[in-house]
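Every chain is numbered from 1, with letters handed out A, B, ... down the list of sequences.
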2 protein chains.
Amino acid sequence: MHIEVVANIGEARSDDFLHKTVIVVDVIRATSTIITALINGCKAIIPVETVLKAKELYREGDLLAGERFCKKIAGFDLGNSPLEFTKEAVQGRRIILTTTNGTRGIQKAAKADRVLAGAFLNSKACAEAAIALKRDTVILCAGTQDVFSLEDGLCAGHILEELVLALGEKHIATNDFGLAMRGCYLQAQNRLYETLLSCTNGKKMCKSGFQGDIAACALTNTTDQVPVLENDHMMLLPSIPARPAF
Amino acid sequence: MHIEVVANIGEARSDDFLHKTVIVVDVIRATSTIITALINGCKAIIPVETVLKAKELYREGDLLAGERFCKKIAGFDLGNSPLEFTKEAVQGRRIILTTTNGTRGIQKAAKADRVLAGAFLNSKACAEAAIALKRDTVILCAGTQDVFSLEDGLCAGHILEELVLALGEKHIATNDFGLAMRGCYLQAQNRLYETLLSCTNGKKMCKSGFQGDIAACALTNTTDQVPVLENDHMMLLPSIPARPAF
């Protein structure tokens, strides 16, 4: 099985994703939030890039969610903290979530056979889904404004390590960046929370009072669920079938 | 002290190097070869990108060196294996070396206050030179055709670790990619040779019969010398002064 890890969205080319599984990773915080919301019973999440687009898509009963500069958008129901997306807040609702990097990653990956949302919360489940889908796989680290973010790379390394544990080292081939991220994850695995606090986005979150979010995003393998993109909606499916071959 | 690690030449912008120290790293094999040749007494190395340029600059007494597709260029005196650049072969000579990625890295860095050549062979010496130069520092991983190469990232991590050992963790600030490379190096430090064999360029070298080169490039801190760029020549200086401020 071949797994390519891409360092940030700017390095990704849409056409390279054709016929592949793409796992989009934006640990702080878009994919951690999407996973948390869906586990807590929201029907679907529509990730959009702009506030305007979020308002356009809004229908009665929906929740509007998102942040700019770490703060909830004025008039929106929720920000972008996974801690806000409780069962009480989201069950049965459709959520329109506006984020920048995570959404761009999901849109960039749209030509893939399947687009999954990954974070530390579901690394093992992502590895299992990728194996079940039987395709070459790309782990797309969202990064921040086309710059590599450590937490996304560490999560890519975690997913790779779960693939190696499941299939054995001989059956996993990856690019040099993937090798680096796996090494980096193995080095940090016993102090993930502290490592996330030390990276650029971790520091930014702490300054804005979101240290609890970092703790929530650093939990590993708390769920066996993997959000999948279906017609612009991220949702949970009982199982994720590959699309039929052309 | 701020250290930025750049993943490959394509990500580097020349103007970002102004007033900084840049350490160019192309472990397999350009910078390992440049360091070895200078330690063994060659007068200077002129790194150039094309065979034509190498032949243009050639003067009687020079050595022409370089490779294409891992093989010595027809009619040249030397290839690009550090093992060839012995005292007997290079002492007192000027060498014109044509490589692709290493040379592009050095040229891209030319606006810097100082351009140094780094590899595992002189990581600690690079760290000490960067401290002595008292500038913000960029470690530019050459990579291969604008793609990240593991060995260069590991060496960047090694230089960072030497900086941390010298100044203490609190006095070294780095970008997320630097944090990742340091973690990756710490994970691999006790089996660098095996790790270099497992990466893309390591595999390519082995296939071409250059496994011995990988062993030579994986040796750490064998010299306290740091090649520095002076008027398009890489050379050793008794000490490396910063350029006067404007």
Side-chain angles (χ1 to χ4, degrees), chain A residues 2 4-13 16 27-28 101 141-158 160-161 164 169-170 172-192 194-204, chain B residues 2 4-13 16 27-28 101 141-158 160-161 164 169-170 172-192 194-204:
Chain A
H2 194 274
E4 187 171 357
V5 181
V6 177
N8 62 67
I9 299 166
E11 287 194 12
R13 292 187 308 178
D16 292 344
V27 169
I28 301 175
N101 302 296
C141 300
T144 307
Q145 310 291 352
D146 291 339
V147 172
F148 170 75
S149 291
L150 182 63
E151 67 278 10
D152 298 338
L154 285 168
C155 181
H158 186 204
L160 263 175
E161 179 62 11
V164 168
E169 191 133 13
K170 282 185 184 169
I172 299 294
T174 186
N175 58 341
D176 275 20
F177 192 71
L179 290 173
M181 293 305 105
R182 187 175 162 225
C184 186
Y185 165 73
L186 290 173
Q187 175 67 17
Q189 62 181 327
N190 294 324
R191 39 183 185 79
L192 268 186
E194 294 76 6
T195 307
L196 262 54
L197 288 179
S198 75
C199 69
T200 307
N201 282 327
K203 285 179 184 167
K204 201 162 61 183
Chain B
H2 194 274
E4 187 171 0
V5 181
V6 178
N8 62 66
I9 299 166
E11 287 194 12
R13 291 187 309 177
D16 292 345
V27 170
I28 302 176
N101 302 297
C141 299
T144 308
Q145 310 290 350
D146 291 341
V147 172
F148 170 75
S149 290
L150 181 63
E151 66 278 10
D152 298 337
L154 284 168
C155 181
H158 186 203
L160 263 175
E161 179 62 10
V164 168
E169 191 134 14
K170 281 186 185 170
I172 299 295
T174 185
N175 58 341
D176 275 20
F177 192 71
L179 291 173
M181 292 306 104
R182 185 175 163 223
C184 186
Y185 164 73
L186 290 173
Q187 174 67 16
Q189 63 180 329
N190 295 324
R191 41 185 181 75
L192 268 186
E194 294 77 5
T195 306
L196 261 54
L197 289 177
S198 75
C199 69
T200 307
N201 283 327
K203 285 180 182 165
K204 202 162 63 182

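- Proximity to chain B among residues 149-157 of chain A is limited to A:Ser149, A:Leu150, A:Glu151, judged by heavy-atom separations below 4.5 angstrom.
- Chosen from A:Cys199, A:Ala188, A:Ala7, the residue pairing most often with chain B at heavy-atom distances under 4.5 Å is A:Cys199.
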Legend entry - Test side chain to side chain contact (heavy atoms under 4.5 Å, CB included) applied to B:Glu11 and A:Glu11, step by step: CA-CA 10 Å; B:Glu11 287 194 12; A:Glu11 287 194 12; 2.3 Å; yes
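- Atom SG of B:Cys184 sits about 6.5 Å away from atom CE of A:Met181, to the nearest 0.5 Å.
- Using a 30° and 60° split on the angle between ring planes, A:Phe177 and B:Phe177 fall in the parallel class, below 30°.
- A pairwise comparison of heavy atoms in A:Leu179 and B:Ser198 identifies CD1-O, 3.8 Å as the closest pair.
- For A:Ala180, the parts lying under 4.5 angstrom from a heavy atom of chain B are both the backbone and the side chain.
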